[in-house]
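Written out below as structure tokens is the structure these notes cover.
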Amino acid sequence: MGRTQFLLYNQQKPMKLKAEKVALYRRSQIIEAYSDKNQVYYLFFYKNQLLTATKATKLRRQSFIEHAFKKGMLFKAPHPFIQELLSSNAPCHITRFEPLLTKLKKFYTPQEQAFILTFFDSFISKKQLFNEIKSVYYDYRREGKMFLSYQIIRILKDFAPNNSMVKQLSNDLAFKKISDLYDEEPDKLLVKDQLFAEKILFNDKDNDASFEQLVEIYEKDSSWLDLIALYIDKLLKKPTSNYYKKLKELLELHFDEQNQMYLLESLSHQLSSSSPLKVELFNKYVKTHHLKKIASMISDDGYQLSELQTRDLGEKLEHLDVESASHDPEAFLAVLKPVIDLYPDKADMLLKKCFISLLKDHEVTYIQKLLHPFRENHENLQVLKKIDKMQIIEEDLDQMQRLGELYYEFEDLDKAIECFSWEMELKPTNPKPLQWLSKVYRDKGMKDESNAYQQLCISMQKQA
């Protein structure tokens, strides 16, 4: 599932934060976190590598971070994505602006440097950021690298579209042919300007063709976190077998089984019963006897069982260890109901099994209420009639013999002994409770006690 609390270091001084959510947007990852004093911090990553973190006071409208959390792929904590980003970048440090510039120049291309600087338009002076990006443009222009120069102009157009210099450069005839390529032949940009192409494709990722091109970019760059997020986003909008299969392959490759299940279960709550993911999860729960999760899918998610699934579930319940029901009776009964409704001939056997288990930890009156939903369609079942009888005679001292026999039938031997002991005291000349006590103790493996009651019964019968 992943951790939510972590330490952020600011000049070696640790600060405890709690992650709330993460946004994945155009190869950036931004974690929103809160301090103990409810102060907001943002951690900025690019291609899964931590750039820096900053305390938020006020976010600008139309800023990069606003776009990331509105247009990006959003995941709430706790989440394996957050765990992956934090653990692979630990310990997390705040890097000041000047060291950050040095870091960008060391590890990223000039075009990536310019793009990354736009991330911070809510936290650093926009003029300062603009000047840094502009200097990248002039470096390319002085070297006569016109296409690379124009790539920076496109970044500036997104960053400061109303700036007079940006408008002038955008209309410069020296860039006319290159500009026409961006407007008329965008497919060629997948090779020539992948950063720009990714922006266009990301904004159009709901389109199947754009989605496939974006997948190709992420696969070539081994951007597996963005790739998984992309498939999750796609599966929610178009839950086909192919998308699910690909997502599952990626999860198995990059996450352990616990995190795989967390991601798939989180997704399942947002998908219909017929989705391949939900069907496979349900079948897995049945196979592993995970009654609580089966019950949750049926009652909370409204999962509709197929006839085949109901039959398989019924077979599992027939051979299920009865202890499973007593641990979570509501879950067990929620699972039991669709099976009994479809196969009423199994109702008596399954409800008896359920009642035997529940008796270990619960009173008859409580169980009777739990089983109430089954009466609508199965009111004539023998097991329900016997439970009703037990509830009626539970406090009737004249019915201790019958109550003990019913407890014995439902395998609660200790309560059966209690009832037969009462009957023996109330009717000291009746050998029947002695016979039952001998039988019950023998079933419990207590031979000495069984033999003792057997001798008492024999003596009583001789005296009669």
Side-chain angles (χ1 to χ4, degrees), residues 2-70 72-136 155 159 223 225-226 229:
R3 59 176 177 159
T4 58
Q5 291 191 335
F6 64 99
L7 293 177
L8 177 65
Y9 290 85
N10 185 10
Q11 295 179 343
Q12 303 304 314
K13 186 178 180 181
M15 196 176 351
K16 185 183 290 185
L17 298 179
K18 183 178 180 181
E20 289 291 323
K21 55 189 172 182
V22 61
L24 282 78
Y25 179 63
R26 296 177 57 195
R27 219 77 72 90
S28 71
Q29 300 86 28
I30 306 174
I31 293 177
E32 181 178 290
Y34 289 79
S35 69
D36 293 337
K37 296 179 180 179
N38 216 33
Q39 297 170 316
V40 186
Y41 285 80
Y42 289 100
L43 281 74
F44 290 86
F45 303 78
Y46 183 67
K47 294 183 177 179
N48 302 351
Q49 298 301 309
L50 179 65
L51 301 170
T52 188
T54 183
K55 180 181 174 182
T57 51
K58 185 178 180 181
L59 301 182
R60 290 177 179 167
R61 294 191 63 186
Q62 300 300 313
S63 62
F64 183 90
I65 196 167
E66 182 183 75
H67 289 313
F69 280 94
K70 284 187 176 180
M73 298 174 288
L74 200 62
F75 302 93
K76 293 182 179 179
H79 200 279
F81 289 177
I82 294 174
Q83 179 186 18
E84 172 61 28
L85 290 167
L86 293 176
S87 60
S88 62
N89 288 276
C92 297
H93 287 269
I94 293 177
T95 303
R96 303 299 173 189
F97 187 62
E98 291 302 325
L100 176 61
L101 288 176
T102 302
K103 184 178 180 179
L104 296 183
K105 290 174 183 177
K106 182 177 179 181
F107 293 106
Y108 301 102
T109 67
Q111 186 192 17
E112 286 179 318
Q113 294 170 37
F115 174 55
I116 290 170
L117 288 172
T118 67
F119 296 0
F120 307 105
D121 54 352
S122 275
F123 310 99
I124 298 172
S125 160
K126 197 159 185 176
K127 181 179 179 181
Q128 187 177 5
L129 293 172
F130 184 89
N131 287 335
E132 290 293 339
I133 299 171
K134 184 174 67 173
S135 68
V136 177
I155 292 172
F159 182 66
S223 298
L225 204 65
D226 299 278

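- To the nearest 0.5 Å, the span separating CD on Gln111 from CD1 on Ile155 amounts to 5.0 Å.
- Remark: Leu17 CG to Asp36 CG distance equals 8.0 Å, nearest 0.5 Å.
- No donor-acceptor pair closer than 3.5 Å links the side chain of Gln49 to the backbone N or O of Tyr46.
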Could you tabulate the donor-acceptor pairs under 3.5 Å formed by side-chain atoms of residues 113-123, not counting sequence neighbours?
{"unit_1": "Gln113", "atom_1": "NE2", "unit_2": "Tyr108", "atom_2": "O", "d": "3.0"}
{"unit_1": "Thr118", "atom_1": "OG1", "unit_2": "Phe115", "atom_2": "O", "d": "2.5"}
{"unit_1": "Asp121", "atom_1": "OD1", "unit_2": "Phe64", "atom_2": "N", "d": "3.2"}
{"unit_1": "Asp121", "atom_1": "OD2", "unit_2": "Phe64", "atom_2": "N", "d": "3.2"}
{"unit_1": "Ser122", "atom_1": "OG", "unit_2": "Arg60", "atom_2": "N", "d": "2.8"}
{"unit_1": "Ser122", "atom_1": "OG", "unit_2": "Ser63", "atom_2": "OG", "d": "3.3"}

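- Every side-chain hydrogen bond (donor to acceptor under 3.5 Å, both in side chains) that Asn10 has, sequence neighbours left out, goes to Arg96.
- Every pair tested for salt bridge (charged side-chain N to carboxylate O under 4.0 Å, His left out) that includes a residue from residues 125-135 fails, sequence neighbours excluded, so the list is empty.
- Evaluation of the side-chain hydrogen bond (donor to acceptor under 3.5 Å, both in side chains) rule for Tyr41 yields no partner, not counting sequence neighbours.
- Partners of Tyr9 by side-chain hydrogen bond (donor to acceptor under 3.5 Å, both in side chains), not counting sequence neighbours: none found.
- Residues forming a side-chain contact (heavy atoms from CB on, under 4.5 Å) with Lys76 (at least two apart in sequence, or on another chain): none.
- With sequence neighbours excluded, no residue satisfies side-chain contact (heavy atoms from CB on, under 4.5 Å) with Lys58.
- Here side-chain hydrogen bond (donor to acceptor under 3.5 Å, both in side chains) pairs that include residues 14-30, with residues two or more places apart or in two chains, are Arg27-Glu198, Arg27-Asp221, Arg27-Ser223, Gln29-Asn48, Gln29-Asp226.
- With sequence neighbours excluded, the residues that form a ring pair (Phe, Tyr, Trp, His ring centres under 6.0 Å) with Phe69 are Tyr42.
- A donor-acceptor pair under 3.5 Å is formed between the side chain of His79 and the backbone N or O of Phe81.
- Leu104 has its side chain within reach of Leu51: a pair of non-hydrogen atoms, C-beta onward, lies under 4.5 Å apart.
- Listed by chain and residue number, nothing satisfies the side-chain hydrogen bond (donor to acceptor under 3.5 Å, both in side chains) test with Lys103 (two or more places apart in sequence, or in another chain).
- Partners of Ala53 by side-chain contact (heavy atoms from CB on, under 4.5 Å), not counting sequence neighbours, listed by chain and number: Leu8, Leu43, Ile94.
- Shortest non-hydrogen contact noted between Ile82 and Phe75 is CD1-O, 4.5 Å.
- Nearest heavy atoms, Leu50 versus Phe44: CD1-O, 3.4 Å.
- In this view, Lys37 and Ser35, Gln39 satisfy the side-chain contact (heavy atoms from CB on, under 4.5 Å) rule, not counting sequence neighbours.
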